[in-house]
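All remarks here apply to the structure that follows.
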Amino acid sequence: MSHAPRNRISNAIDSLITHLVPSNPHDDEQTAQERHDACFELVRAIFERPNSPSISADVNHASDLIKRKLIHSNPSQALRFSNLYTRLLSLPVLNQKWAILYLLYQLSDSPDPNEPPPPPRQPAAPHGLTSREPSFRDRELQAQILREQEETQAEAENCQGPLPAEPSFREPASREPNFRESVAQRAAGRATGRSTATAESKTPTPAPPLVSEEEAVNNVFAPGGLKKLPTERPRRNTNAEEARSQPGAVDGSTKKSTRDVSIKSNLLADNSLEFEPSEMGLLRDLPFTLQGLSSTTLPFTRDTVLKLPPTLPLPIVSLLHTLAEPSLLYRGLANFVKSPAKGLLGQSLRAAINNELRSYLTLVATLEAQIRRALSSLDEAAPRGGIGKAGVTLKRCVVWTREATMGLRLMSLISEESYSKQGGQLISLIHGFSTSHGDPVVAAFAERLLADVTRPFYDILRRWIYDGELSDPHLEFFVREQNPNNEKQNESKAKGQASVWNSKYEVVDAMVPSIMTPDFAQKVFLIGKSLNFIRHSCGDSQWVDAYSKTSSKELKYGDTATLEKWIDDAYKTTMQRLMTLMNTRFRLFDHLQALKNYILLGQGDFIALLMESLAANLDRPAGAQYRHTLTAQLEHAIRGSNAQYDSDEVLRRLDARMLQLSHGDIGWDCFTLEYKIDAPVDVVVTEWGNRQYLKVFNFLWRIKRVEFALASTWRKCMTGARGVLQSNDEIVLQTWKSTRGTLAEMIHFVGQLQYYILFEVIESSWGELQKNIRKEDCTLDDLIRAHTKYLTSITHKGLLGARRRQHHDAQKEAASLGRDASEVEDRNSYMVQLSLLLRNMLDYRDSVDGLYSWSVSDFTRRQEVDTVSLLRKHRPNSGDMESFVGPDDPFFGSAGGVGGNNNIKSEFPALQERLKQLGVSFRQRLQILLGDLAYQPDVDMRFLGVSMNFNDVYQPVRRKSGKAGAGGGGVSAGGGEKQQQQQQQGGNVGNVNVSFSASRA
């Protein structure tokens, strides 16, 4: 088990060597194996040696090292360094201060570029390679490793000085070479083919040969960085003897000549290449280029193209590419500023960008002054004209324009996107950079840009929330006037839901800027819409003007908390004023109460008196009804009930009229009450609301009519039972008994239905409406929604809008019948079922009246027979009787003729059969209705079915889909017969004890 980790390490090293070390196809297998073994031993030796101590981060120690060095070399700069060091510690942005000081300390000991490298030493042969002649690749590998060790030793010797022996900032001189770097460097030295030089050479080291420009560029941009300073070329102001006076190690002595420690810029200046145009010429034309103007060296061929000289070296070209970006961006932004804008926010964006471009030109002017000052102090005799010591170079210009370039880049992106955006979308675009961008410089720049861009937006916002006027000529605000030709608007008008309140303005969600939330935007929308409604619909413009003068404030971007507070104050003030006007001046709540009392039949005594006074007139055909008659009866009902105590404002709006007539209609079918609503209350009770009220009134009026008719017939039957309805015929008595039982069932049904609609539906919905509209923070929108919910609840739960079946069931039946699903569903709605039930009860009432008339006739006949019998008893002589009662006497046929008796008897079976059929039809329809109510999701509607069948005298039946029809099809005759048999056994129906005879079966 101890050999397992070692084997894994060996396998990993073998894989690493195979992956990194290239193979030579010309080597045989033995040579390749030997090279692999040598690499393996080298890697194992590196792994087994102890690690080098790491550099510790101690900023105080680094400052002490630099201060000691300055005291020895330049004491006058030591005090300045202390001040700079104190300022460095106070900067919170820099986290690696010790690394900065360590870098500066290392740069102070940079080697002299004029000093030749030390002579190489012959290393010992690696282990395992002494017994054979090394191959070419092996010798190459060994030479590469040897060169790396020599470079490490040269760095250690050149860095000797006043450094202490602390391991914090000094890496060990005897570090192991990196094998990856050795392999990479081996490829560069493969073409030389030279062997190591001996250290005993006493001749001066010759100067390295001059490299070509391409090799110099390759060395600069090598992956590992610049390995050494470029070879010095002969300068124009030097002679050959100065070039040969380079110091070197003579006679093997260790004494070195004094080095001139220079900064990097001096070294680059002394070893630079000459090119045309020179850097001085480029700097002279740079201010023009940064302003988007063509110059001699840097001309603009097109608006988006800057032509660079082809003779420049690649490092200069790279710098000019960086400097060309702000030039091209400025040129594009200058053209954007001059272009026409779509709206006010587009104009403000161009003005804000123009201000930023002015700041950029200020930077260019400052840069131009620095360049002119530097060019005027150049020394022609110095290398590159002494530009390295002048303080202004192309590299420094890149650094100085870096932040401005970032701002130009951001403005260019915004300007490109602004062509497809406007209004709030443009604000959201800029705001996204200030909140979502990770660079704090970009975020701060976007915030500064927003302060100028949003000024027109906040001007429109101020006019909207303080004056109620929309001043947006270019459609840049998120509130707009609705298009009258809009499909949604036309649909609302067709439904009767359009009003001045909800059809004048609308919120465009896409235009809401991201600087405000949707709830905040909705508040702003309601404030302006309410002020506009108060000014134009309520006629209270004086209050709006006074409010605008006292509360108007200047709005601007930045202080979000204060803006939200102002908006909340304006929202509360405006909503409170609007609700006060609707409640006091326009008496909205009184009108809603009047609608409930008169249209929804909440004023019971008024409705009862009105129905009683109109009953005789409404029984006549609809064409015989006159408006003045209806108005007079309405006035009589008002004066005779508690309605007389209502205000004149309410009573004058109440009117009686006739609906559209159709052939065969009577007054009951066309009569309706109307409550007139005018502006501005019509924004709550819209045209759709009036239709809903009319629909509910007509339905309740029909129920009241049936209740009134059944109650009248019931009173007549109960009164006649003690007089004219008495008979000795058992069949007639049993018929009247069953008729009174069915009549009681119908009265119970109507009473339960009327109670459910008036109390369970209307009163509960009214209580919910009062709860919603009496809140302190209730707005007009909340009131409209609460009133709409109130009407919807009444029409749905009041059996006017509820469907008997689900929509998918209706679709199945429509598919089987080949009809539209809406037609099938409407045909099976509760409204249709209740209409058929009410008509059935009216027909039954008419039949009962017919039976009553027959009973009265029968009673009269019997009375006449009894009278004739008494006369015969007192005058037994038939001849005298015939002379006393002649054939012209009206009592002759009834008293002595059999034909009169047969005519009376012939009407009774038809009436009996008619009553029987109507009673069975009523029970069948009621069973279907109860079956449908039992499966309703609404609890109140299920409770209606329970209250109608509280003693289970009816058996609820669900209608079959294939046999559903208006006539109550789908219920078998056997089921009805079974129901009749159950009813014959006796049961309590509507608190009336009814016993059915077996003859009804």
Side-chain angles (χ1 to χ4, degrees), residues 91-95 322 325-326 328-330 332-333 336-337 339 341-360 363 399 401-461 472 474-480 507-525 555-568:
L91 294 177
V93 179
L94 301 177
N95 296 325
T322 307
E325 182 181 3
L328 296 173
L329 291 176
Y330 173 82
L333 289 173
F336 172 76
V337 169
S339 63
K342 294 181 180 179
L344 297 178
L345 264 72
Q347 295 177 11
S348 64
L349 174 63
R350 284 163 172 77
I353 292 178
N354 192 25
N355 292 335
E356 296 297 333
L357 292 182
R358 291 179 182 176
S359 301
Y360 170 76
L363 172 65
V399 175
T401 58
R402 182 172 299 166
E403 185 175 348
T405 303
M406 192 175 300
L408 293 174
R409 192 180 303 155
L410 176 62
M411 289 189 294
S412 178
L413 179 60
I414 294 174
S415 64
E416 292 176 359
E417 294 290 336
S418 66
Y419 288 107
S420 60
K421 300 180 184 297
Q422 64 174 354
Q425 298 174 344
L426 190 58
I427 297 177
S428 301
L429 172 65
I430 305 176
H431 187 252
F433 288 103
S434 65
T435 56
S436 304
H437 204 282
D439 193 340
V441 177
V442 175
F445 185 85
E447 285 284 329
R448 186 170 69 250
L449 206 61
L450 271 177
D452 295 331
V453 174
T454 54
R455 287 180 182 177
F457 177 82
Y458 280 102
D459 290 340
I460 300 174
L461 178 63
D472 185 20
H474 301 286
L475 302 179
E476 297 177 295
F477 200 54
F478 61 88
V479 178
R480 291 182 185 175
V507 176
V508 183
D509 295 332
M511 298 297 292
V512 177
S514 58
I515 59 177
M516 58 177 58
T517 61
D519 294 338
F520 186 81
Q522 188 65 26
K523 275 188 176 182
V524 171
F525 173 66
L555 306 179
K556 60 181 179 179
Y557 175 78
D559 195 355
T560 306
T562 304
L563 178 62
E564 290 182 355
K565 181 179 180 301
W566 290 346
I567 294 296
D568 289 339

inquiry  = Working note: Phe520 + Thr560, criterion side-chain contact (heavy atoms from CB on, under 4.5 Å); need CA distance, chi angles, decisive distance, verdict.
reply    = CA-CA 11 Å; Phe520 186 81; Thr560 306; over 6 Å; no
task = For the residue pair Tyr557 and Ile427, establish whether any side-chain heavy-atom pair is separated by less than 4.5 Å.
result = no
query = Quick one: are Met511 and Gln422 in side-chain contact, heavy atoms under 4.5 Å?
reply = yes
message = Out of the candidates Tyr458, Phe457, Phe525, only one should pair with Phe477 under the ring pair (Phe, Tyr, Trp, His ring centres under 6.0 Å) rule; please name it.
response = Phe457
query = Under a 4.5 Å cut-off applied to non-hydrogen side-chain atoms, are Val512 and Pro518 in contact?
reply = no
inquiry  = So Leu449 and Leu410, do their side chains get closer than 4.5 Å, heavy atoms only?
reply    = no
query = Say you draw a straight line from OG1 of Thr454 to CG of Leu349; how long is it, rounded to the nearest 0.5 Å?
reply = 11.5 Å
key: Heavy-atom check, side chain of Thr562 versus side chain of Lys565, under 4.5 Å   = no
query = salt bridge (Lys or Arg N to Asp or Glu O under 4.0 Å): which pairs involve residues 404-414, sequence neighbours left out?
reply = Glu325-Arg409
Minimum side-chain heavy-atom gap Phe445-Met411 below 4.5 Å = yes
inquiry  = If I take atom NE2 from residue His431 and atom CG from residue Leu429, how far apart are they, to the nearest 0.5 angstrom?
reply    = 12.0 Å
request  = With rounding to the nearest 0.5 Å, note down the distance linking NE2 in His474 to CD1 in Ile460.
outcome  = 9.0 Å
key: By side chain to side chain contact (heavy atoms under 4.5 Å, CB included) - contacts of Tyr330 (at least two apart)   = Leu357, Tyr360, Leu361
Under 3.5 Å donor-acceptor, Ser428 side chain and Ser514 backbone = yes
note = Interatomic distance, CG@Leu426 vs OG@Ser420, rounded to 0.5 Å, equals 9.5 Å
query = Does Glu476 have any salt bridge (Lys or Arg N to Asp or Glu O under 4.0 Å) partners at least two apart in sequence or in another chain, and if so, which?
reply = none
query = Minimum heavy-atom separation for Ser415 to Ser412, with atom names?
reply = OG-O, 2.7 Å
query = Is it true that atom CD of Glu403 has more than 12 heavy atoms of other residues, nucleotides or ligands lying nearer than 6.0 Å?
reply = no
remark   = Between Phe478 and Pro513 the two heavy atoms that sit nearest each other are CD2-CD, 4.1 Å
inquiry  = What verdict does the side-chain contact (heavy atoms from CB on, under 4.5 Å) test give for Asp519 and Gln522, after you've listed the backbone C-alpha separation in whole Å, the side-chain angles of each residue and the deciding distance to 0.1 Å?
reply    = CA-CA 5 Å; Asp519 294 338; Gln522 188 65 26; 5.6 Å; no
message = Could you work out, with salt bridge (Lys or Arg N to Asp or Glu O under 4.0 Å) as the rule, every residue matching Asp568, not counting sequence neighbours?
response = Lys523
note = Distance col, row Leu329:CG vs Met406:CE, nearest 0.5 angstrom, shows 12.0 Å
message = How long is the straight-line distance from CG of Leu345 back to NZ of Lys421, given to the nearest 0.5 Å?
response = 13.5 Å
inquiry  = Among residues at least two apart in sequence or on other chains, which ones pass salt bridge (Lys or Arg N to Asp or Glu O under 4.0 Å) with Arg350?
reply    = none
remark   = Residues Ser348 and Val453: closest non-hydrogen pair is OG-O, 2.9 Å
message = Test of understanding: with ring-ring contact (aromatic ring centres under 6.0 Å, His included), list the residues that count as partners of Phe433, not counting sequence neighbours.
response = none
